[in-house]
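Just so it is clear: chains get the letters A, B, ... in the order the sequence lines come, proteins before strands, and each one is counted from 1. Just so we're clear, the structure is a prediction, and the values are computed from it rather than from any experiment.
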2 protein chains.
Amino acid sequence: MTVSAKTVPPAEPTTLHQRIRADLEGKILSGEWKPGHRIPFEHELMAQYGCARMTVNKVIAGLVAAGLIERRRRAGSFVIQPRIQSAVLEIPDLANEIAARGETYGYRLLSRRLRVAGGADPAESGMAAGEGVVELRCLHLSNGRPFAVEDRLIALAVVPEAASVDFSQTAPGSWLLGHVPWTAAEHRISALAAGAREARDLDVSKGAPCLCLERRTFRAEQTITYARQLFRGDAYNLVAHFSPKG
Amino acid sequence: MTVSAKTVPPAEPTTLHQRIRADLEGKILSGEWKPGHRIPFEHELMAQYGCARMTVNKVIAGLVAAGLIERRRRAGSFVIQPRIQSAVLEIPDLANEIAARGETYGYRLLSRRLRVAGGADPAESGMAAGEGVVELRCLHLSNGRPFAVEDRLIALAVVPEAASVDFSQTAPGSWLLGHVPWTAAEHRISALAAGAREARDLDVSKGAPCLCLERRTFRAEQTITYARQLFRGDAYNLVAHFSPKG
DNA sequence: GCCGCGCTCATGTCTACACATATGGGCGAG
DNA sequence: CTCGCCCATATGTGTAGACATGAGCGCGGC
């Protein structure tokens, strides 16, 4: 009997609730509805799904709680700018952090190369051998004194524009934050002793303790960038606030 | 029109919603309702607050979403066991982390004192001078070798049970995670050189780089505990994964 | 004594309605 | 033409009732 095939596609015991929520969430997370987009009014969704307003309201309230949507009376409901605060560490923008401490931020590009990723790169960089990358080495200064040295790789396959950007004025972190949407990130934090070159760059003695922050940033399984930032141990702390609820 | 006087004394711009939620949350976070406690049935709350069941339902649904409550059909709604967090993301449980790396975890209590907080404590500990605390110093071992030394203060005003717990077998972090619900935390991560005592405890040479993790954990404005964990720089990394969505 | 059917009750989901509230924009008065 | 009032509108909140679902428990049959 072929009819049996048609009787039950509801392999999904999903409630109306969950279907609406999944639909909206999908539209937002897939980027179909970009930040700032006004989602349909409650009564439109209510007509579209043939349900009561309360049901739609509950769904949207959930999305607000999840931080995906912002509601403005009379105006409608809008997709919110993705907020990162959820986990341990947001992606820090060094310039902002320094400014927030009342110090003056400085930046200097030490070197910039286009090359292909290869054996010399750490495995954690996530770059496939042979992949085209921009390699940057730069220095972050606070009140004119170096406090961090950064080595960075940017995958050209994911961010081709990076090849034509001059990073002599703009720190790569700030540029990427503003130009490339990301979906996931991974931090690795460790402490190590400054090597000869790092000691020279950071103006500390060789062997001085440094905070090392390695970060990989992803967009949908692809590695966008790998950064290794080495901070003077005596000049920088990472601070993270968080709560289970937000 | 006298009727206007009767409508609402709007001294409180709080909605019924928020009042109920605040009540329940308060009972849970204050510890009045301990983990496992069955909260009143929806129809009881509905009678108690003189509102519709839907209103109570919405509140409880919110608490479920916040991870404070678990609901079981027919049985009722229960205060949930404070979640032992996904280790890397939020508050790490060292024993789990070590086990996840396939190494054997060991723990040793170095000292334990009941005393009052005082001037010698770092200001960041958040403990008020004169407040009763448990002071612990302990060692975390991986494969028999020390990799972290921990100094901890636990506020007896918030966690009186801690006075009678013998921490010689259980690490205070694990015990607290399982027994005390928390609402917020703050991490401060830095790199510093091992001092004489730390070098001895960690079996490294004096001046070796160490990763220092200071953590304050709060329950509703009160500091529950302050911990300072010093890791061997050559043996431990903090890793954090995160994404905008969770 | 043991198994299973069915009752009961608490939660899960949804509807239809009602009134409150804030605000953008239109309209009228000056 | 400009300013200010008012109203339409979209969300915010709450009510009263309905049916669905699933798990505990007792009763009755074997």
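OP1 or OP2 of D:dT15 sits under 4.0 Å from a side-chain N or O of B:Thr55.
Under the salt bridge (Lys or Arg N to Asp or Glu O under 4.0 Å) criterion, A:Arg74 pairs with no residue, sequence neighbours left out. Here A:Arg216 pairs with A:Phe218, A:Thr223, A:Tyr226 under the side chain to side chain contact (heavy atoms under 4.5 Å, CB included) rule; sequence neighbours left out. B:Arg228 meets the side-chain hydrogen bond (donor to acceptor under 3.5 Å, both in side chains) test with no other residue; sequence neighbours excluded. The salt bridge (Lys or Arg N to Asp or Glu O under 4.0 Å) test applied to B:Arg71 returns B:Glu42, not counting sequence neighbours.
Rounded to an integer number of Å, the gap from A:Leu45 CG to C:dT15 P is 13 Å. Rounded to whole Å, atom C1' of C:dT11 lies 13 Å from atom CE of B:Met46. Rounded to a whole Å, the CD1 atom of B:Ile69 is 16 Å from the C1' atom of C:dG12.
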Please report, to 0.1 Å, the donor-acceptor pairs under 3.5 Å made by any side chain of residues 163-171 of chain B, with sequence neighbours excluded.
{"unit_1": "B:Ser164", "atom_1": "OG", "unit_2": "B:Glu161", "atom_2": "O", "d": "3.0"}
{"unit_1": "B:Asp166", "atom_1": "OD1", "unit_2": "B:Ser168", "atom_2": "N", "d": "3.0"}
{"unit_1": "B:Asp166", "atom_1": "OD1", "unit_2": "B:Ser168", "atom_2": "OG", "d": "3.1"}
{"unit_1": "B:Asp166", "atom_1": "OD2", "unit_2": "B:Ser168", "atom_2": "OG", "d": "2.9"}

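A distance-only check finds a donor-acceptor pair linking the side chain of B:Thr225 to the backbone of B:Leu153 [under 3.5 Å].
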Fill in: Protein proximity profile, nucleotides 4-13 of chain D - base contact B, sugar-phosphate-only contact S, no contact -, cut-off 4.0 Å on heavy atoms
----BBSBBB
